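Input: a single structure, listed below in structure tokens.
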Amino acid sequence: MPINLTLDDLMDYTAWERQKWHEWLRQHGDEALKISAGPHGDGRFTTVGDLVKHMFSAEKRYIDRLSGRELTDTASLPNDNIEALFQFGEQSRKELKEFLETFPAQEWDVPQELKLGNHVLTATPRKIVLHVVLHEIRHWAQIATLLRLNGLSGEFHDFLFSPVMGRGRGREQAGA
């Protein structure tokens with residue numbers, strides 16, 4: 001039986017997530033971006049800000065690749081400035097939406113070779129775009145865990161609690 005979950009649903013969910021995280025980070029200040037990602041990382045992501053920057057940069061660069069453009073250099077994008085990061089995220093999402101609206105339908109399932117660092121990946125644009133959205137969801141979950149481990153928690157960010165596909169937020173039961 002088909003579920004009818006669409007890319008639009010996942011895009012709406014990540015838009016809601018971004019808005020919730022943007023608000024949460026504003027309340028806690030730029031210092032929250034400096035929270036450590038732990039001692040056993042691969043060296044690329046040492047802070048929460050590094051993960052946010054990576055998420056938004058990956059979205060931007062995948063669209064650059066699929067569009068045949070030079071890769072955007074994000075080296076100067078600060079990893080410790082909430083507004084700069086989320087402004088960049090708004091731009092990357094705008095470009096993703098424009099790509100989705102204009103990409104030729106007959107090319108969605110045509111494999112493309114993409115250079116990722118020292119690796120070459122062959123995948124269809126359909127798979128790459130889905131990866132971009134799932135990649136973001138995965139990293140927001142990592143960030144939520146890092147913050148929780150550092151004593152900072154917030155509201156539920158699960159898909160179930162989002163407004164996507166109908167409001168999922170319930171009330172506490174009396175006596176529960």
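By convention here, the first residue in the shown sequence is residue 1. Owing to the predicted nature of the structure, the values given are computational and were not obtained by experimental measurement.
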Quick one: [atom1] on [X] to [atom2] on [Y], what's the gap to the nearest 0.5 Å?
X: Glu98; Y: Ile63; atom1: CD; atom2: CD1; result: 10.5 Å
X: Met11; Y: Thr6; atom1: CE; atom2: OG1; result: 10.0 Å
X: Lys20; Y: Phe161; atom1: NZ; atom2: CZ; result: 10.5 Å
X: Phe88; Y: Met55; atom1: CZ; atom2: CE; result: 11.5 Å
X: Thr124; Y: Leu66; atom1: OG1; atom2: CG; result: 9.5 Å
X: Gln87; Y: Phe56; atom1: CD; atom2: CZ; result: 11.5 Å

Donor-acceptor pair, side chain of [X] and main chain of [Y], under 3.5 angstrom:
X: Asp158; Y: Leu160; answer: no
X: Ser162; Y: Val164; answer: yes
X: Asp12; Y: Asp9; answer: no
X: Asn79; Y: Lys53; answer: no
X: Arg65; Y: Leu71; answer: no

Closest heavy-atom pair and its distance - [X], [Y]:
X: Leu10; Y: Ile137; value: CD2-CD1, 4.3 Å
X: Leu25; Y: Ala32; value: CD2-CB, 3.8 Å
X: Ser57; Y: Leu77; value: OG-CD2, 4.4 Å
X: Ala15; Y: Arg93; value: N-NH1, 4.2 Å
X: Asn150; Y: Leu146; value: ND2-O, 2.8 Å
X: Lys34; Y: Thr47; value: O-CG2, 3.8 Å

*Are Tyr62 and His135 near enough that their ring centres are under 6.0 Å apart?*
no
For a 4.5 angstrom cut-off between non-hydrogen side-chain atoms, does [X] reach [Y]?
X: Ile82; Y: Leu33; result: yes
X: Trp24; Y: Ile143; result: no
X: Gln112; Y: Leu114; result: yes
X: Leu100; Y: Leu7; result: yes

*Does the pair Arg18 and Glu90 meet the rule for a salt bridge (charged side-chain N to carboxylate O under 4.0 Å, His left out), with working shown?*
CA-CA 9 Å; Arg18 286 180 184 205; Glu90 284 178 33; over 6 Å; no
*Given salt bridge (charged side-chain N to carboxylate O under 4.0 Å, His left out), test Lys60 with Asp64 step by step and report yes or no.*
CA-CA 6 Å; Lys60 177 81 168 87; Asp64 288 346; 3.1 Å; yes
*What residue pairs, at least two apart or across chains, pass salt bridge (charged side-chain N to carboxylate O under 4.0 Å, His left out) with a residue in residues 120-131?*
Asp109-Arg126
*Answer with yes or no whether the side chains of Gln91 and Glu95 bring together a donor and an acceptor at under 3.5 Å.*
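Judged by distance alone, the side chains do pair up.
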*Check whether the side chains of His22 and Gln19 place a donor and an acceptor atom closer than 3.5 Å, and report yes or no.*
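Judged by distance alone, the side chains do not pair up.
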*Just say parallel, tilted or perpendicular for the rings of His157 and Trp21, cut-offs at 30° and 60°.*
parallel
_The test is side chain to side chain contact (heavy atoms under 4.5 Å, CB included); show your working for Leu116 and Arg61 and say whether it passes._
CA-CA 10 Å; Leu116 301 169; Arg61 288 181 175 158; over 6 Å; no
_How about CD on Gln106, more than 12 heavy atoms from neighbouring residues, nucleotides or ligands closer than 6.0 Å, or not?_
yes
*Taking a hydrophobic cluster as the set of Ile, Leu, Val, Met, Phe, Trp and Tyr residues connected by side-chain heavy atoms closer than 4.5 Å, whether directly or through intermediates, do Leu149 and Trp140 fall within one such cluster?*
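Per the 4.5 Å side-chain linkage, Leu149 and Trp140 are not co-clustered.
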